[in-house]
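Quick note on labels: first sequence line is chain A, next is B, and so on, each numbered from 1.
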Amino acid sequence: MIKVVNVVASGSLGLELDLVTIEEELSDIVDYDPEMYPGAYIHLGESYPLVTIYRTGKYIITGADSKAEADSTRDTLLNLLSDHKILPAADDDWFAIQNYVCMGDIRRELDLDALVIDLGLEISEYEPEQFPGIVYRPPNHNCVLLIFRSGKVIITGGKDIDSSKNAFSTLYEHINNLFRNDSLD
DNA sequence: TAACTAGCTTCTTATATAACAATGCATG
DNA sequence: CATGCATTGTTATATAAGAAGCTAGTTA
């Protein structure tokens, strides 16, 4: 099936933050350079997801490999902030998964020149001199798939794993049908 | 001229190509 | 010791999504 390789989530504490103070109190794990970027990066640990937190109290988590890891990263963040007397507003606090990046494998060597035409040139593009994979935007799916000659597929843009799974399954079955039909020729 | 909108910045992650830089090793 | 080739390493290309803030361009 497919494997989740990255999860992006966002949330809000529902209150304004003083990023300068946060950077001072947590200087060993916080990187804040407003000249470069308005968000402050919080490194909760090596190989842990990255938290980027903003003046407005909103934050994003990137680099988790499951919903569970994104959730636990949020818990760690809230605990850390509560240690510094920052508590989320009870009514304006929210958190949601925004994007799943998944990897699938068709387990076949693919002819991308032929596949891009079969998939339809209006919903897929293949410019090997620009990028080695097909960019496929299937209708009825909210995901974008990157398809490579090796058969590896990246499914990105899904807000839940099921929609990513469905998008991959549809492509997987479609390609296998192509091979089945070829064998009848 | 002010207000608005769009597009870019930062980061993460897999995938796979080319183009480049830098280094290692061998031969002249 | 210098030059050539090979290997390794890094960067770019493209994708999605969130966030705040900046700039550029358009419109009233």
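If you take CE of A:Met36 and C1' of C:dA20, they are 14 Å apart, rounded to a whole angstrom. What separates CG of A:Asp33 from C1' of C:dC22 is a distance of 15 Å, to the nearest Å. When rounded to the nearest whole Å, the span between OH of A:Tyr41 and C1' of C:dG18 equals 12 Å. Between the P atom of C:dA19 and the CG atom of A:Leu13 lies a distance of 13 Å, rounded to the nearest Å. Between A:Asn99 atom CG and C:dA16 atom P the separation is 9 Å, expressed in whole Å. Atoms OH (A:Tyr32) and P (C:dA20) sit 12 Å apart, rounded to a whole Å.
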Problem set entry | Evaluation steps, side chain to side chain donor-acceptor pair (under 3.5 Å), between A:His174 and A:Asp118 | CA-CA 10 Å; A:His174 177 78; A:Asp118 175 82; 2.5 Å; yes
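Heavy atoms from other residues, nucleotides or ligands lying under 6.0 Å from CD of A:Glu129 number 12 at most.
For the pair A:Leu145 and A:Ala167, the tightest heavy-atom approach, listed with the atom from each and the gap, is CD2-O, 4.0 Å.
The stretch residues 71-98 of chain A does not touch DNA chain B, since none of its heavy atoms comes less than 4.0 Å from the strand. Against DNA chain B, the stretch residues 127-139 of chain A makes heavy-atom approaches under 4.0 Å through A:Phe131, A:Pro132.
Residue-to-nucleotide contacts include no donor-acceptor pair under 3.5 Å from the side chain of A:Tyr100 to the base of C:dA17.
Salt bridge absent: A:Arg149 and A:Asp113 never bring a charged side-chain N and a carboxylate O closer than 4.0 Å.
A:Ser10 comes within 4.0 angstrom of the backbone, heavy atoms only, and of no base.
A donor atom on one side chain and an acceptor atom on the other are not found under 3.5 Å apart for A:Tyr172 and A:Arg108.
With A:Ser66 contributing its side chain and A:Glu69 its backbone, the two residues share a donor-acceptor pair below 3.5 Å. Although no hydrogens or angles enter the test, the distance criterion places no donor-acceptor pair under 3.5 Å between the side chain of A:Lys58 and the main chain of A:Gly11.
The span of DNA chain B lying next to chain A, judged by atoms under 4.0 Å from heavy atoms, is bounded 5' to 3' by B:dT9 to B:dT17.
Classified by interplanar angle (parallel below 30°, tilted 30° to 60°, perpendicular above 60°), the ring pair A:Phe95/A:Tyr59 is parallel. Taking the six-membered ring where the residue is Trp, A:Tyr41 and A:Tyr37 present parallel rings, their angle staying beneath 30° rather than reaching 60°.
Nearer the 5' end of DNA chain B, as judged by each residue's closest nucleotide, is the contact made by A:Pro38, out of A:Pro38 and A:Asn6. Checking A:Val5 against A:Leu50, the closest nucleotide of DNA chain B that is more toward the 5' end is the one next to A:Leu50.
Note that the CD1 atom of A:Ile42 and the CD atom of A:Glu23 stand 11.0 Å from one another [nearest 0.5 Å].
For the pair A:Leu17/A:Ile53, a side-chain contact is recorded, criterion being any heavy-atom separation below 4.5 Å from C-beta on.
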